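A, B, ... follow the sequence lines: proteins, then strands. Residue 1 opens every chain. Please read all numbers here as calculations on a predicted model, not as lab measurements.
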Number of protein chains: 2
Amino acid sequence: MKTLPIQIRIDPALYTKDPESSELGKKIVSQSIQLIDELGFEGFTFKKLGAKIGSNESSIYRYFDSKHALLVYLLNWYWSWVSYRLAVATTNVPPSEEKLTNAIGILTAKIKKDQTISFVNEEMLQRIIITESSKAYHTKDVDKENEKGFYRTYKSVVQKVSDMVLELNPNYEFPHMLISTVIEGAHHQHYFSQHLPSLTDVEIGKNNIVRFYKDLVLSSIR
Amino acid sequence: MKTLPIQIRIDPALYTKDPESSELGKKIVSQSIQLIDELGFEGFTFKKLGAKIGSNESSIYRYFDSKHALLVYLLNWYWSWVSYRLAVATTNVPPSEEKLTNAIGILTAKIKKDQTISFVNEEMLQRIIITESSKAYHTKDVDKENEKGFYRTYKSVVQKVSDMVLELNPNYEFPHMLISTVIEGAHHQHYFSQHLPSLTDVEIGKNNIVRFYKDLVLSSIR
DNA sequence: TATTTATTGATAGTATTACTATTACTTTTG
DNA sequence: CAAAAGTAATAGTAATACTATCAATAAATA
């Protein structure tokens with residue numbers, strides 16, 4: 001687990017105590033990812049996490065107010081990381097269809113093993129995001145949480161890629177809908193391919209999800 | 001509340017006792033829709049529902065094994081109803097872009113008041129589907145439930161509209177991904193327009209969600 | 001080195017949830 | 001009228017999602 005000098009900055013509003021500030025905090029984050037992946041978000045509890053990391057439920061509550069708060073933290077971590085990868089792939093690249101499809105690739109492709117840049121297993125985290133992330137904002141408290149900036153990172157990713165759409169076609173009417181449709185759609189397609197395959201057209205080794213969304217975006221804005 | 005002679009058939013695997021077979025059963029369904037709409041699925045309990053309909057928690061359990069089972073029932077009710085509306089709009093209509101865009105309209109438009117064909121308030125039900133339906137299949141038990149046919153109605157709607165896509169372009173590679181992307185996407189856009197508007201391009205009175213998805217589909221398959 | 005201070009652990013407790021089980025009452029039907 | 005079916009009321013259970021308190025220990029500082 002090598003740590004490259006990459007900054008994944010998380011808004012302090014998203015935790016009670018910064019999990020990056022201690023070994024316990026990092027364990028909480030990394031092991032919660034494993035446990036949510038294993039049990040699903042509903043089956044996951046702080047008590048079980050405490051047992052897994054040899055710590056106490058009450059200690060975990062010092063870092064996160066609730067398991068929902070932890071999920072929102074993970075969501076922001078994921079989108080910060082995507083944002084970083086988008087920046088690497090597109091800054092100072094002149095507007096072109098290639099630039100945009102590279103971005104779409106980042107938004108829609110499955111992560112391969114060993115991209116780990118820190119204590120977070122990104123492959124597993126993406127699996128959680130695919131399966132559980134919509135539960136983070138399908139809550140009675142969305143509006144309050146949105147005001148507190150809980151979804152800022154996600155919204156900024158959508159904004160960035162929407163801007164690339166407008167670079168290519170300044171008259172395109174629906175850039176945000178297009179990109180948020182692609183992002184959420186790709187999550188659904190990855191999930192469906194595992195569990196409800198008749199809702200997809202996935203074939204092994206053909207990378208159809210990425211191909212589909214690249215084609216969708218280009219044909220819509222051309 | 002006029003009742004037209006329309007059959008919304010629900011697979012008996014989806015309930016313990018048929019809620020359409022008694023007044024209590026119908027109350028359970030119609031009032032649960034109101035209560036889920038009001039409290040959100042997490043805040044909704046059978047105890048609260050019992051209080052609301054002047055009945056007992058234990059009586060509700062005779063109709064549905066769990067609140068999750070009730071949600072799955074509502075999901076199937078909704079998709080049966082959409083299926084019926086699709087059939088009305090498209091059977092014996094020759095293949096054409098208009099036929100397909102009519103179908104897309106049914107999948108993506110917000111329901112207006114007073115389409116009520118039975119004891120179910122479809123406008124409210126659609127709001128629940130938009131907000132809560134993804135929770136029905138983002139569960140550790142998806143695979144088991146899928147085998148039992150819990151998602152059959154949804155899958156059949158996707159299949160029907162995918163077939164319309166293939167009528168227009170038999171060589172299109174991704175009809176199922178396209179249609180499931182449209183359906184889930186439209187739900188997200190309706191939800192985002194209320195709660196995270198920067199992820200959309202909704203303007204009042206311009207029907208942008210429907211226009212966006214019709215355009216998306218046609219430009220993809222042409 | 002002594003002493004605050006911060007951090008973690010352990011234990012206990014609470015209200016609520018998502019049920020199950022039992023019994024009794026009431027309504028329908030044959 | 002009696003049997004059967006349906007419903008209501010009550011009680012109980014294990015687990016969840018916390019909160020509160022206090023002791024133990026490690027780290028920081030005076």
Side-chain angles (χ1 to χ4, degrees), chain A residues 12 14-32 35-36 38-74 119 132 135-136 138-141 144-145 150, chain B residues 12 14-32 35-36 38-74 119 132 135-136 138-141 144-145 150:
Chain A
L14 298 173
Y15 48 74
T16 309
K17 180 180 159 71
D18 186 357
E20 301 215 34
S21 70
S22 73
E23 281 311 307
L24 177 62
K26 286 178 214 167
K27 260 194 201 170
I28 288 172
V29 171
S30 67
Q31 300 295 300
S32 71
L35 206 55
I36 293 172
E38 185 184 326
L39 305 174
F41 188 64
E42 283 71 34
F44 168 83
T45 71
F46 279 2
K47 197 165 196 174
K48 289 174 191 167
L49 178 59
K52 187 184 174 80
I53 65 183
S55 180
N56 196 274
E57 205 189 350
S58 60
S59 303
I60 300 167
Y61 275 102
R62 281 196 200 91
Y63 288 82
F64 295 102
D65 271 352
S66 64
K67 68 174 186 170
H68 176 257
L70 172 56
L71 181 63
V72 171
Y73 178 92
L74 294 177
F119 57 98
E132 318 288 357
K135 296 171 190 170
H138 282 118
T139 310
K140 274 285 149 183
D141 300 320
K144 246 178 286 168
E145 299 192 340
F150 282 27
Chain B
L14 299 173
Y15 48 75
T16 309
K17 180 180 158 74
D18 186 358
E20 300 215 34
S21 71
S22 73
E23 281 311 306
L24 178 61
K26 285 178 214 167
K27 261 195 201 170
I28 289 172
V29 172
S30 66
Q31 301 294 299
S32 71
L35 206 54
I36 294 172
E38 184 184 328
L39 305 174
F41 187 65
E42 282 73 33
F44 168 84
T45 71
F46 279 3
K47 196 165 196 175
K48 290 175 191 167
L49 178 59
K52 187 184 173 82
I53 64 183
S55 180
N56 196 275
E57 205 190 350
S58 60
S59 304
I60 300 167
Y61 275 102
R62 277 197 209 89
Y63 288 83
F64 296 102
D65 270 352
S66 64
K67 69 174 187 168
H68 177 256
L70 172 55
L71 181 63
V72 171
Y73 177 91
L74 294 177
F119 58 98
E132 317 289 357
K135 296 170 190 170
H138 282 117
T139 310
K140 274 285 150 185
D141 300 321
K144 246 178 285 169
E145 298 192 341
F150 283 27

What are the two closest heavy atoms between [X] and [Y], and how far apart are they?
X	Y	answer
A/L35	A/K52	CD1-CD, 3.8 Å
A/G25	A/Y63	CA-CE2, 3.7 Å
B/K26	B/E20	CE-O, 3.5 Å
A/T16	A/R62	CB-O, 3.4 Å

Whole angstroms only, please: what is the [atom1]-[atom2] distance between [X] and [N]?
X	N	atom1	atom2	result
B/E57	C/dA18	CD	P	9 Å
B/F46	D/dA8	CZ	P	15 Å
A/E42	D/dT16	CD	C1'	13 Å
B/K27	D/dG6	NZ	P	17 Å
B/I28	D/dG6	CD1	P	13 Å
B/K47	D/dG12	NZ	P	13 Å
B/I53	D/dT7	CD1	C1'	11 Å
B/L24	D/dA5	CG	C1'	14 Å

Does one side chain, of A/S58 or A/N56, offer a donor that lies under 3.5 Å from an acceptor on the other?
-> yes

Counting only N and O atoms by type, is there a donor-acceptor contact under 3.5 Å from the side chain of A/K135 to the main-chain atoms of A/E42?
-> no

So what does A/S22 touch, heavy atoms closer than 4.0 Å: a base, only the sugar-phosphate, or nothing?
-> sugar-phosphate

Tell me what B/S59 touches on the nucleic acid: a base, only sugar-phosphate, or nothing, going by heavy atoms under 4.0 Å.
-> base

Taking side chain as C-beta onward, heavy atoms only, is A/F64 less than 4.5 Å from A/S32?
-> no

What residues 61-69 of chain B contributes to the DNA chain C interface at heavy-atom separation below 4.0 Å is B/Y61, B/D65, B/S66, B/K67

Listed nucleotide nearest any side-chain atom of A/S58, set D/dT7, D/dT16, D/dA20 = D/dA20

Closer than 4.0 Å, any side-chain N/O of A/K17 to the OP1 or OP2 of C/dT7?
-> yes

B/S55 side-chain N/O to D/dA8 phosphate OP1/OP2 under 4.0 Å | yes

Given axes from five pairs at either end, by how many degrees does the helix from C/dT1-D/dA30 to C/dG30-D/dC1 bend, rounded to 10°?
-> 10°

For the pair B/Q31 and B/L49, evaluate side chain to side chain contact (heavy atoms under 4.5 Å, CB included) and give the outcome as yes or no after the intermediate values.
-> CA-CA 7 Å; B/Q31 301 294 299; B/L49 178 59; 3.9 Å; yes

